[in-house]
Amino acid sequence: MVHNASLIIHSARQLVTCASAGSVKRKDALKDVGLIENGAVVITDGLITSVGHTPDILSVYSADQMIDATSKVICPGFVDCHTHAVYAGDRVHEFEQRIAGATYMEILAAGGGILNTMQATRDTSQEDLTELASARLDTMLRLGTTSVEIKTGYGLDTATELKMLRVIEALAERCAVDIVPTFLGAHAVPPEYKSRAREYTELVAKEMLPQAAAWYKESVFAKRDHVFSVDVFCEDGAFDVEQSKHVLEAGQALGMSIKAHVDEFVSLGGLSLAVGLHALSVDHLDASRTAEINILAQSDTIGVVMPAVNFHLGSTHFANARGMIDAGVALALATDLNPGSAPCFSMPLILALACRYQKMLPAEALNASTINAAYAIGMGDSVGSIEVGKQADILILNTPDYRHLMYELGRNLVETVIKRGKII
Ligand code: NIG
Ligand code: FE
């Protein structure tokens with residue numbers, strides 16, 4: 001008997017599943033992309049209902065819509081698990097200042113950087129911020145990103161942080177991509193609290209986080225069962241370990257998951273702090289010490305590295321992804337899209353950088369930007385791989401070999417994006 005489905009994509013030269021059988025990938029599992037030659041995927045009502053060899057699939061299934069992927073690759077949509085995609089303005093003049101020798105943290109200390117974007121974001125309406133971010137998400141979708149985490153953190157006052165949350169919700173209601181929200185009220189010390197970081201974290205803990213948690217309960221994200229995390233920028237010139245702990249514990253007490261920006265420039269101990277609090281992920285890890293990497297490797301926390309930051313800041317130093325994978329860290333990749341340290345929309349560019357500068361193999365980079373990234377935002381059960389029962393978030397690449405995603409530079413190989421079974 002032949003079963004009827006909504007959509008079948010068949011005859012792919014390579015079907016790259018990134019299948020993980022329900023767990024995050026580490027070590028050798030990261031080298032396995034679950035490749036099926038002459039592969040086919042069956043989609044019914046937005047979900048994946050069968051995966052296998054084309055002749056086997058076509059003997060059992062027919063569909064209203066058939067896509068022939070001869071000479072092409074089918075792979076999971078990318079999950080961009082760390083972005084600051086909601087912001088106004090740009091920082092092109094700081095780009096020039098840095099070319100002339102200023103550093104990222106010097107510019108922040110002088111009242112620019114994140115504080116520059118804070119002012120522009122405070123001055124922009126909810127509607128305009130939504131328009132700006134929506135256009136960014138469209139660009140990302142065309143480059144293959146089908147799920148995105150988005151942080152607040154450019155308000156740095158209660159009203160604007162809440163406005164950013166409403167923008168993220170408006171985006172989730174109108175954009176095709178899945179969105180997961182994160183609260184980053186402790187992204188920088190705002191001018192109103194200059195030299196009073198500890199007092200600012202009181203405001204975050206006592207006023208902002210309770211309001212954010214109340215907002216989440218009524219939001220579309222709670223209905224969709226998407227996690228809501230609290231995040232902090234633990235760094236010299238931002239928040240120290242004590243202050244970071246204060247913020248993260250306050251969010252945790254309200255039922256939120258934990259994420260943390262740690263070791264982007266210096267290692268303060270934020271990595272061990274966040275792992276000790278059972279963080280969902282720890283992000284950046286550029287300056288992390290081996291002893292703390294080993295602690296991370298023994299934990300359930302995902303390590304997220306973002307090589308566009310190092311690249312954009314003109315650095316030749318990158319997070320030691322190779323060492324982390326070999327130590328057993330569950331590693332994920334992300335863009336960190338933001339106007340200051342990484343104006344990067346493209347997951348394929350991230351893959352290209354990770355392979356060259358972080359010595360990740362193409363297979364490791366693909367697993368890190370799909371299935372492991374899905375786990376980093378609490379979506380490992382529903383997206384990030386091509387497995388029966390998961391959402392049909394699938395890319396068709398105009399190349400016979402998935403490794404061309406990393407090998408080629410600057411050409412968009414993403415020919416077709418399928419989100420929840422719908423061709424975008
Ligand atoms: O992840 N480092 C802190 N936060 C962002 C940058 C934000 C910005 O510069 O606007 C990051 O790199
Ligand atoms: Fe970031």
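This one's a predicted model, so the numbers in the text were calculated from it and none came from an experiment. Every number for a ligand or one of its atoms is a count from 1 in the order of the listing.
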Please determine whether a side-chain nitrogen of the Lys or Arg among [X] and [Y] lies less than 4.0 Å from a carboxylate oxygen of the Asp or Glu.
| X | Y | answer |
| --- | --- | --- |
| E106 | R98 | no |
| E173 | K223 | no |
| R411 | E408 | yes |
| D138 | R142 | no |

With atoms numbered from 1 as shown, which atoms in ligand 1 lie under 4.0 angstrom from a non-hydrogen atom of [X]?
| X | answer |
| --- | --- |
| I114 | 7 (C), 8 (C), 9 (O), 10 (O) |
| Y104 | 2 (N), 3 (C), 6 (C), 7 (C), 8 (C), 9 (O) |
| H284 | 1 (O), 11 (C), 12 (O) |
| H84 | 1 (O), 4 (N), 5 (C), 11 (C) |
| H82 | 1 (O) |
| Y154 | 7 (C), 8 (C), 10 (O) |
| D336 | 1 (O), 11 (C), 12 (O) |
| S341 | 6 (C), 9 (O), 11 (C), 12 (O) |

Partner of R420 under salt bridge (charged side-chain N to carboxylate O under 4.0 Å, His left out), picked from D45, D178, D393, is D178

K419 side chain to T146 main-chain N or O, any donor-acceptor pair under 3.5 Å?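 Judged by distance alone, yes, a pair lies under 3.5 Å.
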
Treating D80 as the side-chain partner and T335 as the backbone partner, does any N or O pair qualify as donor plus acceptor under 3.5 Å? yes

Under 2.8 Å from the Fe ion (ligand 2), can any N, O or S atom of H261 be found?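 Yes, H261 qualifies, because one of its backbone or side-chain N, O or S atoms lies under 2.8 Å.
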
Taking the six-membered ring of Y193, is the NZ or CZ of R196 close enough (under 6.0 Å from the centre) and on axis enough (within 45°)? yes

Hey, mind stepping through W215 and F183 against ring pair (Phe, Tyr, Trp, His ring centres under 6.0 Å) and telling me if it holds? CA-CA 11 Å; W215 162 86; F183 189 81; 8.9 Å; no

Have a look at ligand 1 and work out which part of [X], if any, has a heavy atom under 4.0 Å from it: side chain, backbone, both or neither.
| X | result |
| --- | --- |
| M306 | neither |
| R91 | side chain |
| Y87 | neither |

At the Fe ion (ligand 2), what is the angle formed between atom NE2 of H84 and atom NE2 of H82, rounded to the nearest 10°? 100°

Taking atom 4 (N) of ligand 1 as the reference point, the nearest protein heavy atom with its distance: H187 NE2, 2.8 Å

Students should be able to answer this: which protein heavy-atom is nearest to atom 2 (N) of ligand 1, and at what distance?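 The closest heavy atom on the protein side is E264 OE1, 2.6 Å.
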
Assign the ring pair H187 / H261 to parallel, tilted or perpendicular, where the plane angle (0 to 90°) is split at 30° and 60°. tilted

Geometric class of the H82/H284 ring pair [parallel <30°, tilted 30-60°, perpendicular >60°]: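 Rings of H284 and H82: perpendicular, as their planes differ by over 60°.
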
Can you tell me the N, O or S atom of D336 that's nearest the Fe ion (ligand 2)? OD1

Should T117 be listed as contacting ligand 1, given a heavy-atom distance under 4.0 Å as the test? no

